[in-house]
Number of protein chains: 4
Amino acid sequence: MTSSKKPDKYYAILEGALKVFAENGYHKSQVSRIAKEAGVADGTIYLYFKKKEDILTSLFQEKLGELVVKFNEGIHEQMTAKESLRRVCEIHYSELENNVHLAYVTQIELRQSDLGLRKEIGQALKRYIAFIENILERGKQDGSFHPDTDVKLVRLLIFGAMDEVVTSWLISGRKYSLTEQVGKTINFFLKGIEA
Amino acid sequence: MTSSKKPDKYYAILEGALKVFAENGYHKSQVSRIAKEAGVADGTIYLYFKKKEDILTSLFQEKLGELVVKFNEGIHEQMTAKESLRRVCEIHYSELENNVHLAYVTQIELRQSDLGLRKEIGQALKRYIAFIENILERGKQDGSFHPDTDVKLVRLLIFGAMDEVVTSWLISGRKYSLTEQVGKTINFFLKGIEA
Amino acid sequence: MTSSKKPDKYYAILEGALKVFAENGYHKSQVSRIAKEAGVADGTIYLYFKKKEDILTSLFQEKLGELVVKFNEGIHEQMTAKESLRRVCEIHYSELENNVHLAYVTQIELRQSDLGLRKEIGQALKRYIAFIENILERGKQDGSFHPDTDVKLVRLLIFGAMDEVVTSWLISGRKYSLTEQVGKTINFFLKGIEA
Amino acid sequence: MTSSKKPDKYYAILEGALKVFAENGYHKSQVSRIAKEAGVADGTIYLYFKKKEDILTSLFQEKLGELVVKFNEGIHEQMTAKESLRRVCEIHYSELENNVHLAYVTQIELRQSDLGLRKEIGQALKRYIAFIENILERGKQDGSFHPDTDVKLVRLLIFGAMDEVVTSWLISGRKYSLTEQVGKTINFFLKGIEA
DNA sequence: GATGAATGAGAATTCATTCAT
DNA sequence: GATGAATGAATTCTCATTCAT
């Protein structure tokens with residue numbers, strides 16, 4: 001399923017980087033540390049990536065690509081918009097809960113310093129974003145969501161909300177179950193807090 | 001109002017740092033650059049801050065402190081919970097819209113790599129967080145919010161949602177008005193998207 | 001004429017190196033760049049040369065060897081010493097004028113940093129040097145040159161003088177004809193500047 | 001006499017560099033080695049020079065500047081052109097004979113790889129060159145040199161000739177006296193080799 | 001308190017060379 | 001012989017921090 005044309009070492013390096021970045025953060029991760037983790041020589045990294053930063057962006061592209069694949073597999077057009085949204089939240093929470101390294105990197109590094117890098121990563125998020133917008137649009141059409149829902153804004157609100165929940169869970173030291181938050185999260189999205 | 005006992009240079013350095021961090025991000029900002037911006041010698045910085053990181057955390061503490069002051073000034077117990085929530089969102093959006101440097105730093109750098117730093121910054125956010133939780137609690141008591149609202153979770157959802165809206169606005173290049181998003185944002189929080 | 005027993009690739013590599021060295025200088029020329037220019041794999045180079053430095057020294061040996069062949073072809077014992085000297089200068093200037101890559105490499109790289117390398121290259125120059133000394137000696141014998149001419153010193157003076165003219169012509173961007181300088185050069189050698 | 005406004009460390013670094021470059025050649029000289037030789041920290045070098053290359057070019061500028069000062073001190077307008085030329089050669093040979101490090105660096109490194117660097121260094125030579133041209137011009141005026149002497153070409157021939165003598169003396173291991181070559185060198189310049 | 005010159009640890013990246021195929 | 005992917009030693013330069021003045 002994954003773009004499997006790349007050589008093994010490419011992926012080995014990305015996996016090494018995922019681990020090292022998660023443990024230390026991008027800036028405190030040395031390339032040589034990643035190389036060791038990947039079981040290759042330092043120089044080998046530069047056969048596959050132009051510069052250190054490229055490792056990070058490639059990592060996001062690959063991993064977010066995999067996430068979109070999961071969404072595609074788990075959500076079908078036959079589902080109602082509400083049900084689809086719940087699945088999105090379920091997959092979002094469970095994937096990150098089951099892949100803590102990825103969670104660290106996306107939550108912490110995705111928010112990394114330079115805006116330039118951030119914009120590039122934003123590109124990788126686009127398909128995810130389109131996915132949510134798609135569901136919202138679908139809900140508006142079939143009447144299950146308010147007709148005056150601002151799709152773009154609500155997509156941000158939903159994404160940001162889930163995002164913060166994951167980050168908070170991480171910072172807390174993952175003391176509770178993330179997937180157990182799905183119900184209340186979706187409830188809030190659907191019903192709001194008004195009594 | 002703010003802990004105004006600190007000497008002028010302390011604030012001059014923080015203001016310099018705010019500007020420099022906003023322009024380059026924390027990691028790409030040199031201490032000497034901040035010193036120049038603040039009009040002091042490099043070494044002087046170390047009379048007021050133990051290390052570079054301290055500048056960042058102090059900056060958050062000061063700035064978030066100022067934000068809480070604004071909340072305190074703009075929100076009163078007599079207001080309904082709903083109205084209070086709207087004011088929180090208004091202040092949050094307008095303060096950041098009017099202080100772009102601060103917006104950059106909070107949105108981008110608040111998400112700093114190392115978790116250690118992040119936790120420390122989290123402390124500075126606590127009073128803000130308590131503020132929102134307080135409102136939610138108040139709403140539950142007076143019946144305007146669902147009695148089964150999970151205060152802690154919803155506070156995260158709300159905070160994360162607003163946060164993402166601000167970040168998106170920044171990344172977009174601030175092409176639209178942030179404060180104009182208040183209405184729809186609050187509507188979503190209160191009513192959800194269910195028709 | 002040339003030691004023509006070497007396989008084609010040997011010469012292909014030398015020609016590639018000549019071009020690459022001329023363009024970038026020895027130190028800034030990568031072996032892989034030479035390989036590409038020669039149309040062989042990086043590793044192949046090491047089948048013909050022990051190390052990068054060997055490419056440079058072999059290049060000099062081959063090219064200076066070719067130059068000596070030209071001298072042998074163009075200068076005959078029947079010529080007077082003066083005429084022979086003029087031919088040396090003619091060949092020296094015209095060969096380098098017609099082979100700019102070679103000119104760059106000899107003028108610039110012949111003056112390579114490490115003395116060790118330089119000495120080795122000096123070996124390759126020996127036959128050229130002997131050629132000039134031979135002419136000077138001949139001139140002394142037949143009375144056309146001062147009997148107290150210090151052959152070794154004058155050979156250096158002549159060689160250095162021509163060398164500097166070529167280098168200067170190169171550095172100037174080859175804006176004028178080098179061969180047109182032959183007359184005045186030889187005049188100076190023969191008559192000096194004294195009125 | 002030297003541009004004495006630069007701080008001591010600037011000169012200390014240049015002296016260190018002179019020694020290290022002479023011993024190893026530019027490319028094989030590490031910045032840290034120069035720093036140690038100069039008695040400063042590695043980083044200090046970068047307070048005075050932008051990059052490693054700048055050390056080399058500055059070195060030439062300073063040293064050639066000093067040489068020109070010596071010329072100015074040793075040669076006066078009252079001297080005949082011939083006498084002046086002899087003094088140039090004397091100073092050239094004796095200065096380099098007495099400053100072997102400088103000799104190595106000028107003879108070997110002056111001829112360094114990239115043409116760009118070489119051109120820059122050429123600038124530093126300009127005053128020296130002008131000096132020789134000046135003498136030749138003077139000789140033409142007062143009739144002691146041929147009226148049809150091509151000043152620019154002859155200047156190159158003279159400079160190149162002396163240069164080669166020095167280089168050869170260096171490569172030979174300085175087995176003989178350089179200054180003793182002055183007489184024959186000047187003789188050749190003035191009278192040529194024609195009997 | 002204030003300065004800013006000096007420090008030196010630290011890290012990304014390059015590239016000559018090797019060697020399994 | 002030929003390949004070119006892999007290696008890893010080597011080196012410049014940056015910049016947070018110190019400290020003598």
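The chains referred to below are lettered A, B, ... by the order of the sequence lines, with proteins before strands, and numbering in each begins at 1.
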* Distance, rounded to the nearest Å, where Phe49(D) contributes CZ and dT14(F) contributes P -> 15 Å
* Please examine the side chains of Phe21(D) and Ile34(D), heavy atoms only from C-beta on, and report whether any two atoms are closer than 4.5 Å. => yes
* To do: Could you state the atom-to-atom distance from NE2 of His27(D) to C1' of dT12(F) in whole Å?
  => 13 Å
* So, does Ser58(D) use its side chain to make a donor-acceptor pair with the main chain of Ile55(D) at under 3.5 Å? -> no
* Structure fact -> Atom CD1 of Ile45(C) and atom P of dC15(E) are separated, to the nearest Å, by 15 Å
* Any idea which of dT11(F), dA6(F), dT3(E) is nearest the Leu47(A) side chain? -> dA6(F)
* Is the closest side-chain heavy-atom distance between Arg33(B) and Asn24(B) below 4.5 Å? -> yes
* Given dA16(F), is OP1 or OP2 found less than 4.0 Å from the side-chain N or O atoms of Lys51(B)? -> no
* Using a cut-off of less than 4.0 Å, is there contact between a side-chain N or O of Ser32(C) and OP1 or OP2 of dC15(E)? -> no
* Asked: Side chains of Tyr26(D) and Glu53(D): does their closest heavy-atom pair fall under 4.5 Å?
  -> yes
* Sort out the partner of dG8(F) for me: Watson-Crick or G-U wobble, both distances under 3.5 Å, none otherwise. => dC15(E)
* To do: Please report, rounded to the nearest Å, how far the P atom of dT7(F) is from the CG atom of Asp42(C).
  => 16 Å
* Rounded to the nearest angstrom, tell me the gap between atom CG in Asn24(D) and atom P in dT11(F). => 11 Å
* Between dG8(E), dT3(F), dA16(E), which one does the side chain of Ala41(C) approach most closely? -> dT3(F)
* Look through every strand shown and name the nucleotide pairing with dT21(E) as Watson-Crick or G-U wobble, where both distances are under 3.5 Å. => dA2(F)
* Lys52(D) side chain to Ser29(D) backbone, donor-acceptor under 3.5 Å -> yes
* Between Tyr10(A) (OH) and dA5(F) (P), how many Å, whole number? -> 17 Å
* Structure fact -> Rounded to whole Å, CD1 of Ile34(A) lies from C1' of dG8(F) at a distance of 17 Å
* **Tyr48(A) vs dA6(F): side-chain N/O to OP1/OP2 distance below 4.0 Å** => yes
* Under 4.0 Å between a side-chain N or O of Lys9(B) and OP1 or OP2 of dA2(E)? -> yes
* To do: By nearest nucleotide on DNA chain E, pick out whichever of Gly39(B) and Thr44(A) is the more 5' one.
  => Gly39(B)
* Asked: If each of Val31(D) and Gly43(B) is mapped to the nucleotide of DNA chain F with the nearest heavy atom, which maps nearer the 5' terminus, i.e. the 5' end?
  -> Val31(D)
* Rounded distance (Å) that lies between atom P of dG1(F) and atom OH of Tyr46(C) -> 17 Å
